[in-house]
Amino acid sequence: MVSIGNEMKINKFLELNPEVPRDLLYGDDSADFSAYNTAGFGRIGEVTPPTKLSAPKGVPWLKYMANVAALSPMDNVKFGEIPEGVTRLGGTFVIEGDKVTYGWSDAVPGDEPPIEDVVRAAGA
């Protein structure tokens, strides 16, 4: 699993997602988001058609927005600027050996693929 952020942001992510094993998480804190670029992930606004931002199922809207703010890479931001990292989107991959058997790119922060698709691709 790859996430944007420094050690503090990764720790917050793991606190919010205790089911994610720490040793399976890589934090991309590079200035150019090299891991995200390599994975082919996009930015907010690049999705066509535009997708409405909504909280994941079962998560209250205000809690979702508070966590988005806490997890967003906004270090050294000047007033009025939107940091590059805030616009970055993630995704989900299923990998077997060196082959990607499933790929999903998020349309908005907190987006998620249909779990049945991920499970099927994983052969479970």
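For this chain, numbers begin at 1 and follow the sequence in order. Since the structure is predicted, the reported quantities are computational estimates derived from the model, not experimental observations.
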>> Asp32: which residues meet the side chain to side chain donor-acceptor pair (under 3.5 Å) condition with it, sequence neighbours left out?
In response: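 Per chain and number, Asp32 pairs via side chain to side chain donor-acceptor pair (under 3.5 Å) with Ser30.
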> Who pairs with Glu15 by salt bridge (charged side-chain N to carboxylate O under 4.0 Å, His left out), at least two apart in sequence or on another chain?
Replying inline: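 By the salt bridge (charged side-chain N to carboxylate O under 4.0 Å, His left out) rule, Glu15 matches Lys12.
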> Would you say Glu116 has more than 12 foreign heavy atoms packed within less than 6.0 Å of its CD?
Replying inline: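 More than 12 heavy atoms, drawn from other residues, nucleotides or ligands, come within 6.0 Å of this atom.
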> How far apart are the C-alpha atoms of Asp106 and Arg88, what are their side-chain angles, what is the distance that settles it, and do they pass the side-chain contact (heavy atoms from CB on, under 4.5 Å) test?
Replying inline: CA-CA 10 Å; Asp106 296 345; Arg88 292 295 180 140; over 6 Å; no
> Can you name the ring-ring contact (aromatic ring centres under 6.0 Å, His included) partners of Tyr36, sequence neighbours left out?
Replying inline: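 Residues passing ring-ring contact (aromatic ring centres under 6.0 Å, His included) with Tyr36: Phe41.
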>> Measuring only between side-chain heavy atoms, which start at C-beta, is Ser34 closer than 4.5 Å to Asp28?
In response: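 Yes - at least one pair of side-chain heavy atoms lies under 4.5 Å apart.
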> Are Leu14 and Lys9 close enough that some pair of their side-chain heavy atoms sits under 4.5 Å apart?
Replying inline: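 No, side chains not in contact.
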> Rounded to the nearest 0.5 Å, what separation is found between the CG atom of Asp117 and the OG1 atom of Thr92?
Replying inline: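 Going from CG on Asp117 over to OG1 on Thr92, the span is 11.0 Å.
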>> Testing the basics here: between Pro113 and Val118, what is the closest heavy-atom pair and its distance to 0.1 Å?
In response: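 Heavy atoms of Pro113 and Val118 come nearest at CG-CG2, 3.6 Å.
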> Of all heavy-atom pairs between Phe93 and Gly103, which one has the smallest distance, and what is that distance?
Replying inline: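 Where Phe93 meets Gly103 most closely, the heavy atoms are CD2-CA, 3.8 Å.
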Side-chain donor-acceptor contacts of residues 94-102 below 3.5 Å, not counting sequence neighbours, with atom names and distances?
unit_1: Thr101; atom_1: OG1; unit_2: Val94; atom_2: O; d: 3.2

